[in-house]
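By convention in this document, chain letters (A, B, ...) are assigned in the order of the sequence lines, proteins followed by strands, and residues within each chain are numbered from 1. Source: prediction; values computed, not measured.
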There are 2 protein chains.
Amino acid sequence: MSVRIALFDDNRNVRESISLLLQTEPQFEMVGVFSHVLDCIEDLQACKPDIVLMDIEMPGMTGIEAVRLIKKEFPAVQVLMQTVFEDDDRVFDSICAGASGYILKNHLNIRLVDAIKELQYGGSPMSPSIARKVLGKLQSLPPSAGKEAVEDYQLTPREKGVLSCIVNGLSYKMIASELQISYETVRSHVKKIYEKLHVASLTEMVAKAINQKIV
Amino acid sequence: MSVRIALFDDNRNVRESISLLLQTEPQFEMVGVFSHVLDCIEDLQACKPDIVLMDIEMPGMTGIEAVRLIKKEFPAVQVLMQTVFEDDDRVFDSICAGASGYILKNHLNIRLVDAIKELQYGGSPMSPSIARKVLGKLQSLPPSAGKEAVEDYQLTPREKGVLSCIVNGLSYKMIASELQISYETVRSHVKKIYEKLHVASLTEMVAKAINQKIV
DNA sequence: CCCGCAATCACCGAATCAGGGGAGGGACCT
DNA sequence: AGGTCCCTCCCCTGATTCGGTGATTGCGGG
């Protein structure tokens, strides 16, 4: 079974050498080679690749934006980013944009063929130095994110509603009119929430609600 | 320059075959081989490795917990996780625990030597299928996370201090004694913060502070 | 030298929140 | 029929916050 590949790179030498390299693998089929991404959607519609090789540095539109567009239009397409930069933000942005792999250009010759095959098998080939940055990113932000089994405080639906109003900055009065219940009822719910979350002030409650994503 | 390596794995065959494999590289020096992680801190203190190979499945304590301990005691040590599982949560947990690389055991023979060398150069070797999971994780959570340039509200250092106290649930009185200033001064700062953040209640303020990461 | 500004402190009245009670109706389970 | 739980509502007392107005110090720039 053959793999349809499209290539975006503004450097002519790179385009030619990659094309040559990939021709050595019979199951690879170059279906499109482009020097810019301005028409990438139309280009892909025409050549229908399985895999896109994308230079991160492209004239006109950045490769990152292009990835975003491509993944939006063709979610099944696997995009392999190629770059000479190891800039943290770019790497991170590309990932958020939906790139499936990320290799440095100085690894290109040796690993490109392997990388494409790994993409085929559902893997995400990544240069180790890039991987390090990705891990660093992931390790740096789990304060708020991820899966950490947050406690379940067993709030009733009504209580959650009240809580979310509070987090949005509403006063008891406003919540009462918002939820069409009496001021005193709001207070009752709030008292319950206080007990359940083990907090002693609205501010604590808001902080806990946001950080534990109870809202 | 030689690389000091320690190995944790409960399977005897694995221990032996990895030891043999690494002996083929003259610059690698096996300084410790252990069948469990219960004494890992003491073990590492004794053998002082540069790199630790850690099986994710270990009796007594999980390899993930061990990584957490190790990175806490010896932050400079690079830990390479080895696993037969591709379980999402385990992978993610290991990363959060501080692992520097992550390879599947069926890639071991072929890539272990390369992986260790890449660790040496500051990379994070990762099996492509693992990398895919990591990317997936990173792509799934950026709602709250990442780098998005949030507004700068030009809070003075003192105001930020007060704000962070508030986010931690302290009352004005408590803040006053915490920061060694008068109750009225706390109020002054709070009023300023109100203006600068364009909010009208403490709850709004806390929500904004957390969501915009001003704390 | 004066101006602006951060940081400090003060007072007052009004509004809101906190914590303690009690109490009734409805749903659901045993 | 009794028990439990959720949602609803009410009162009272005390603590905390809100809004406005004003004042003093000290530091750095024009």
Side-chain angles (χ1 to χ4, degrees), chain A residues 143-144 148-215, chain B residues 144 147-215:
Chain A
S144 73
E148 73 280 349
V150 286
E151 271 178 82
D152 180 18
Y153 296 95
Q154 313 231 136
L155 297 184
T156 69
R158 206 46 162 171
E159 284 157 5
K160 283 184 187 174
V162 172
L163 177 55
S164 105
C165 286
I166 289 174
V167 170
N168 285 326
L170 302 189
S171 71
Y172 292 175
K173 272 190 194 169
M174 295 158 90
I175 298 174
S177 89
E178 174 79 20
L179 299 184
Q180 297 283 287
I181 55 181
S182 126
Y183 169 85
E184 288 297 333
T185 305
V186 175
R187 291 207 26 167
S188 294
H189 290 306
V190 173
K191 288 179 201 174
K192 277 282 186 184
I193 301 175
Y194 270 59
E195 288 175 20
K196 291 184 177 176
L197 297 205
H198 304 298
V199 293
S201 72
L202 279 188
T203 56
E204 252 187 285
M205 192 163 106
V206 170
K208 201 155 192 169
I210 295 180
N211 288 326
Q212 316 248 329
K213 297 196 280 299
I214 315 177
V215 282
Chain B
S144 75
K147 37 151 295 296
E148 71 278 353
V150 286
E151 265 182 87
D152 179 17
Y153 295 94
Q154 311 229 137
L155 297 185
T156 69
R158 206 47 164 170
E159 285 158 5
K160 282 184 187 174
V162 173
L163 178 53
S164 105
C165 285
I166 290 174
V167 170
N168 286 326
L170 303 188
S171 72
Y172 292 174
K173 273 188 193 169
M174 296 157 91
I175 297 174
S177 88
E178 173 80 19
L179 299 185
Q180 299 283 286
I181 55 182
S182 124
Y183 168 84
E184 288 298 333
T185 307
V186 175
R187 291 209 50 214
S188 294
H189 290 306
V190 173
K191 288 176 198 174
K192 276 283 184 184
I193 302 175
Y194 270 60
E195 288 175 22
K196 292 184 177 176
L197 296 205
H198 304 299
V199 293
S201 71
L202 278 189
T203 56
E204 250 187 288
M205 195 163 104
V206 171
K208 202 155 191 169
I210 295 179
N211 288 326
Q212 316 249 328
K213 296 195 279 298
I214 314 178
V215 282

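Atoms CD1 (A:I181) and P (D:dC10) sit 12 Å apart, rounded to a whole Å. If you take CD of A:E159 and C1' of D:dT8, they are 13 Å apart, rounded to a whole angstrom. Straight-line distance from the OH atom of A:Y153 to the C1' atom of D:dC6: 21 Å, rounded to whole Å. The CG-P distance, from A:L170 to C:dT16, rounds to 13 Å in whole Å. Atom pair A:K196:NZ and D:dC7:C1' shows a separation of 11 Å (rounding to whole Å applied). Between B:E195 atom CD and C:dA7 atom P the separation is 14 Å, expressed in whole Å. Counting to the nearest Å, the P atom of D:dC18 and the CD atom of B:E204 are 11 Å from each other. Rounded to an integer number of Å, the gap from A:M205 CE to C:dG19 P is 11 Å.
In this structure the side chain of A:I181 reaches within 4.5 angstrom of the side chain of A:H189, judged on heavy atoms. Side chains of B:Y194 and B:L202 form a contact here, defined as non-hydrogen atoms less than 4.5 Å apart. Considering only heavy atoms from C-beta on, B:K160 stays 4.5 Å or farther from B:P157 through its side chain. For the pair A:M205 and A:K208, the minimum side-chain heavy-atom distance is 4.5 Å or more.
When the side-chain nitrogen and oxygen atoms of B:S182 are compared with OP1 and OP2 of C:dA10, one or more of them lie within a distance under 4.0 Å. OP1 or OP2 of D:dC18 lies within a sub-4.0 Å distance of a side-chain N or O belonging to B:Y194. In terms of phosphate contacts, B:T156 brings a side-chain nitrogen or oxygen within less than 4.0 Å of OP1 or OP2 of C:dA7.
Nucleic acid contact class of B:Y183 (heavy atoms, under 4.0 Å, all strands): base.
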Decide side chain to side chain contact (heavy atoms under 4.5 Å, CB included) for B:K192 and B:T156; before the verdict, give the C-alpha distance in whole Å, the side-chain angles of both, and the deciding distance to 0.1 Å.
-> CA-CA 10 Å; B:K192 276 283 184 184; B:T156 69; over 6 Å; no

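Comparing A:L179 and B:Y172 by the nucleotide of DNA chain D that holds the closest heavy atom to each, the one mapping nearer the 5' end is A:L179.
In terms of heavy-atom proximity, A:I210 sits nearest to B:A207 at CD1-CA, 3.5 Å. For A:E204 against B:G169, the heavy-atom pair with the smallest separation is CG-CA, 3.6 Å.
Put simply, the side chain of B:E184 and the base of C:dC11 share a donor and an acceptor less than 3.5 Å apart.
Of the candidates B:V186, B:L179, B:V162, B:I175, B:I175 is the only one forming a side-chain contact (heavy atoms from CB on, under 4.5 Å) with B:L170.
Ranking C:dA7, C:dG19, D:dT8 by closeness to the A:A200 side chain, first place goes to C:dG19. Closest to the side chain of B:R158, out of C:dT8, D:dT17, C:dG19, is C:dT8.
Looking only at atom types and distance, the side chain of A:E159 has no donor-acceptor partner in the side chain of A:Y153 under 3.5 Å away.
Within residues 185-193 of chain A, the residues approached by DNA chain C to less than 4.0 Å at the level of any non-hydrogen atom are A:R187, A:K191, in residue-number order.
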With the criterion being N/O to N/O and under 3.5 Å, what pairs connect the protein with nucleotides 28-30 of chain D, and how long is each?
none

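For the atom pair B:R187 CZ and B:K191 NZ, the distance stands at 4.0 Å (nearest 0.5 Å).
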